Amino acid sequence: MAGELRSEHVGSRVRLAGWVHRRRDLGGLIFIDLRDRKGVVQVSCDPDVLSSEAMESARRIGSEVVVAIEGDVVARPPEAVNPDMATGEVEVKAEGIVQLAPAETTPILVAYGADEELASEELRLRYRYLDLRRPEMLGNFVLRHRVFHTIRGALDELDFVDVETPMLTRPTPEGARDYVVPSRVSHGEFYALPQSPQLYKQILMVSGFDRYFQIARCLRDEDLRADRQPEFTQLDVEMSFVAEDDVWTVIEIVMAAVWKEVAGRTVERPFQRMSYRDATERYGTDKPDLRIAWELCDLSDDLRSSEFRIFRGAIEGGGRVRGFRVPGGAKLSRKVLDGLDKVAQDAGAPGALWTKLSDTGAQGGFGAKLSETELTALRGRLQAKEGDLIVSIAGPEPQGNAALDALRRHLGSVMDAVEEGDRFLWVTEFPLFERDPESGEPVPSHHPFTGLNLEDVDLLEKDPLSIRSRAYDLVYNGSELGSGSIRINDPSMQRRVLAVLGIGPEEAERKFGFLLEAFKYGAPPHGGFAIGLDRVVMHLAGGSSLREVIAFPKTTAARALMEGAPAPVADEELKELGIKRIRRTDA
RNA sequence: GGGGCUGUAGCUCAGUUCGGUUAGAGUGCCGGUCUGUCACACCGGAGGUCGCGGGUUCGAGUCCCGUCAGCCCCGCCA
């Protein structure tokens, strides 16, 4: 193909078909850059070879016209070799050019120059087929293909079986909002598109499938983000007769294979592991970016009786003072330091407290408010020295965590302290429940079938919020790639957990009766994992938006701009579905 | 549901601070010159509901109100 021609092909005759990437008309000579899936090659149109009619048509041919070209591959004259081009040592001397399809002037460019800005994302989505012609975009999807291919190969090698589960499923009241599909046959009843194959894969374990996987489409009707699409692809895995380590090992093998195969990078196995408690204590988040080395420290003991009202007040109010050391951070400008308040505030804290360490003590910020003893204690605890910056947050816990995490990442990037590398991390022992901020009642932090740490079973009814689960997340460079758990396979334990969640036998029966019923007939111990593959591909492609690695993504309003979805349907069609349109009740 | 940014030529943007002549640039497009270019170069030309609606004003791309769209974030995402 055009993009594959190299000097070894010189002398061979080729017939190429593709798109006119660019054309350079020098008057006598015309050069056409011909693009196909493998890349671009230069075609030369020489009046000594081509008829004057053929030269005339080559002169008129526009960008993105589809053409077939026949000719010999020749070496370029030495002075005309283009080292920036994979095919730059050769060109095709055209002897015949046929237009296979015309092309109007495109609304957005395909062939961008090095410094040219891409068209707006809105237009790129509207004319997605043109945007996807760009070699960078095509490259993302070739990479995506290789990721999927590698995963399938690795799991096949590990004796997993790929099983498909339904797209039309039972609506679930738990979790994310369902995309709902009306039933034509049963008016008033609805299917839901799957949020994940969770219940099906557990049922497959009851069926004895033992090692299941699926690359599954999942749909959730929630608001979008750069890293969140309503429709996404997940690697779904479930295994029987396993504990955490068995699941982790499988995922580690798969991820290492992907990174090796697709990026040519070796990642160390086993991945680092850290409990949820450790992660939040040391980094202020359940998805720490370990490329930033700095860790948080509790400074409360050193400041308990401080004259500085903010510190003492926070501690007396039941909160804590925590902080971290930014090596060399004393050189940061006043502007950057003043900006820390906003970073902390955006994360829900009243503000950020900081001081610079110099040879004479602490300068600026809270440094002046502390006694000599307190400063010395802080320096010792943080192992901080002259030239460092100390940043801290005083106050109650959840806000403090979020702010410390935000400050750590913000300053990590400002100080250029984010190391290169692939830092995978298992975060383990998530709490089984968290408190619903509105009702105050416990709600599952993962899902209601998550197994619990056997040491904590006795606390189930007494202190549910303190129970550690057998759920785990996989974190890559500060980004959550996926999560999983060892599940509950004992029907009576499942009933106890549901009871704590305020779901009685009747409600449980109505919501997931089929799962509970299946568990009556011999459910093996099992557990699994799910990985967001769009995010994996995004990271490997070096991007920051899923839209770069999903062929036809939705906008932030969940609309498809190219085909125009969603769209109204005819009243007649609605009638057949037993659905009546109601007027919007806008005020 | 809330907050922020953006919307001007096919495309990318300037012009909006502080209302005032005929709204500019680059690129693409069209025409011309050019036999080693590679974002070819050079010369010329066409191309605008200033997102949409309303208001203030002698006068609105510019000010005010509303609305639509795209993007980023919070909420939400078991």
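Convention: sequence-line order gives letters A, B, ...; per-chain numbering from 1. As the structure is a prediction and not an experimental result, all values here were calculated from the model.
Among the nucleotides G75(B), G36(B), C76(B), the one closest to the side chain of Glu222(A) is C76(B). Here G70(B) is the nucleotide among C34(B), G70(B), U12(B) with the atom lying nearest to any side-chain atom of Thr555(A). Residue Ala80(A) has its side chain nearest to C38(B) when only C38(B), C34(B), C71(B) are considered. Listed candidates were U12(B), G70(B), U35(B). Nearest to the side chain of Ala119(A) is U12(B). For Arg76(A), the side-chain atoms get nearest to U37(B) when compared with the rest of C76(B), U37(B), A39(B). The side chain of Ala226(A) lies closest to C72(B), out of C72(B), U35(B), U37(B). Among the nucleotides C40(B), C73(B), U12(B), the one closest to any side-chain atom of Arg225(A) is C73(B). Among the nucleotides G36(B), G70(B), U35(B), the one closest to any side-chain atom of Glu79(A) is G36(B). The side chain of Thr105(A) lies closest to G28(B) when the candidates are A39(B), G70(B), G28(B). Comparing U37(B), G28(B), U35(B) by their nearest atom to the side chain of Phe31(A) picks out U37(B).
Within 6.0 Å of the OH atom in Tyr191(A), the count of heavy atoms belonging to other residues, nucleotides or ligands does not exceed 12. Remark: Arg13(A) CZ is packed, more than 12 non-hydrogen atoms of other residues, nucleotides or ligands lying under 6.0 Å away. Counting non-hydrogen atoms of other residues, nucleotides and ligands closer than 6.0 Å to CD of Glu89(A) gives a total of 12 or fewer.
Along RNA chain B, the nucleotide nearest Arg220(A) and the nucleotide nearest Leu125(A) are compared for position; the residue whose nucleotide lies closer to the 5' end is Leu125(A). Between Ala176(A) and Gly62(A), the residue anchored closer to the 5' end of RNA chain B is Gly62(A), taking for each the nucleotide with the nearest heavy atom.
Of the N and O atoms on the side chains of Ser479(A) and His539(A), at least one donor lies less than 3.5 Å from an acceptor on the other residue. With 3.5 Å as the limit, one finds no donor-acceptor pair spanning the side chains of Gln198(A) and Tyr200(A).
When ring centroids are compared, Phe449(A) and Phe512(A) come within the 6.0 Å threshold.
Atom name C1', nucleotides G61(B) and U21(B): the rounded distance is 16 Å, in whole Å. Straight-line distance between the C1' atoms of G44(B) and U57(B): roughly 42 Å, to the nearest whole Å. When the P atom is used for both C63(B) and C77(B), the distance is 40 Å, rounded to whole Å. The P atoms of G51(B) and A23(B) are separated by 15 Å, rounded to the nearest whole Å. With P as the reference atom, C34(B) and C43(B) are 16 Å apart, rounded to whole Å. Comparing the same atom, C1', in G47(B) and in G1(B) gives a spacing of 43 Å after rounding to whole Å. To the nearest whole angstrom, the two P atoms, one in C42(B) and one in C52(B), are 35 Å apart. On the P atoms, U17(B) is 22 Å away from G53(B), given to the nearest whole Å.
In a base pair of the Watson-Crick type (N1 to N3 plus N6-O4 or O6-N4) or a G-U wobble (N1-O2 and O6-N3), with each distance short of 3.5 Å, C71(B) is matched with G4(B). Remark: C11(B) base-pairs with G26(B). Criterion, Watson-Crick or G-U wobble with two distances under 3.5 Å. In a base pair of the Watson-Crick type (N1 to N3 plus N6-O4 or O6-N4) or a G-U wobble (N1-O2 and O6-N3), with each distance short of 3.5 Å, U62(B) is matched with no nucleotide. Pair assignment for A41(B): U33(B), on the basis of Watson-Crick or G-U wobble contacts that are both within less than 3.5 Å.
Phosphate proximity of C71(B) to Thr556(A): present, with a side-chain N or O under 4.0 Å from OP1 or OP2. In terms of phosphate contacts, Ser120(A) brings a side-chain nitrogen or oxygen within less than 4.0 Å of OP1 or OP2 of U12(B). For Arg228(A) and C72(B), the shortest distance from a side-chain N or O to OP1 or OP2 is not below 4.0 Å. Phosphate contact (OP1/OP2 of C40(B), side-chain N/O of Arg24(A), threshold under 4.0 Å): present.
Across the protein-nucleic acid pair, Asp33(A) atom CG and G36(B) atom P stand 17 Å apart, rounded to whole Å. Atom CD1 in Ile30(A) sits roughly 16 Å away from atom P in C38(B) (whole-Å rounding). The CG atom of Leu50(A) sits 16 Å away from the P atom of U35(B) (whole-angstrom rounding). Protein atom CG of Asp346(A) is 19 Å distant from nucleotide atom P of G2(B), rounded to whole Å. The distance between atom CG of Leu219(A) and atom P of C76(B), rounded to the nearest whole Å, is 22 Å. In this structure, the CZ atom of Arg59(A) is 11 Å from the C1' atom of U33(B), given to the nearest Å. Between Arg177(A) atom CZ and G75(B) atom C1' the separation is 11 Å, expressed in whole Å. Whole-Å rounding puts the Asp48(A) CG to U35(B) P distance at 12 Å.
Nucleic acid contact class of Gln198(A) (heavy atoms, under 4.0 Å, all strands): base. Pro444(A) comes within 4.0 angstrom of the backbone, heavy atoms only, and of no base. Heavy atoms of Ser445(A) sit under 4.0 angstrom from primed sugar atoms or phosphate atoms, though from no base atom. Residue Asp115(A) is in base contact, counting any heavy-atom pair closer than 4.0 Å across all strands shown. Residue Glu480(A) is out of contact with every strand shown, counting any heavy-atom pair closer than 4.0 Å. Contacts of Leu224(A) with the nucleic acid, taken as non-hydrogen atoms under 4.0 Å apart, are absent. Contact annotation for Gln42(A): base contact, defined as any heavy-atom pair under 4.0 Å involving a base atom. Using a 4.0 Å heavy-atom cutoff across all strands shown, Asp25(A) reaches at least one base atom of the nucleic acid. Within the nucleic acid shown, Ala557(A) comes within 4.0 Å of sugar-phosphate atoms alone, with no base atom in reach, counting heavy atoms only. Among the atoms of the strands shown, none is found under 4.0 Å from any heavy atom of Arg124(A).
When every heavy atom of Ser44(A) is checked against every heavy atom of Glu91(A), the shortest pair comes out as OG-OE2, 3.5 Å.
Distance alone, capped at 3.5 Å, places no donor-acceptor pair between the Thr106(A) side chain and the Leu109(A) backbone.
Phe519(A) and His526(A) have perpendicular rings, their planes meeting at more than 60° on a 0 to 90° scale where under 30° would count as parallel.
Residue Ile503(A) holds its CD1 atom at 9.0 Å from CD of Gln494(A), rounded to the nearest 0.5 Å.
Between the side chain of Glu104(A) and the base of G10(B), no donor-acceptor pair of N or O atoms lies under 3.5 Å.
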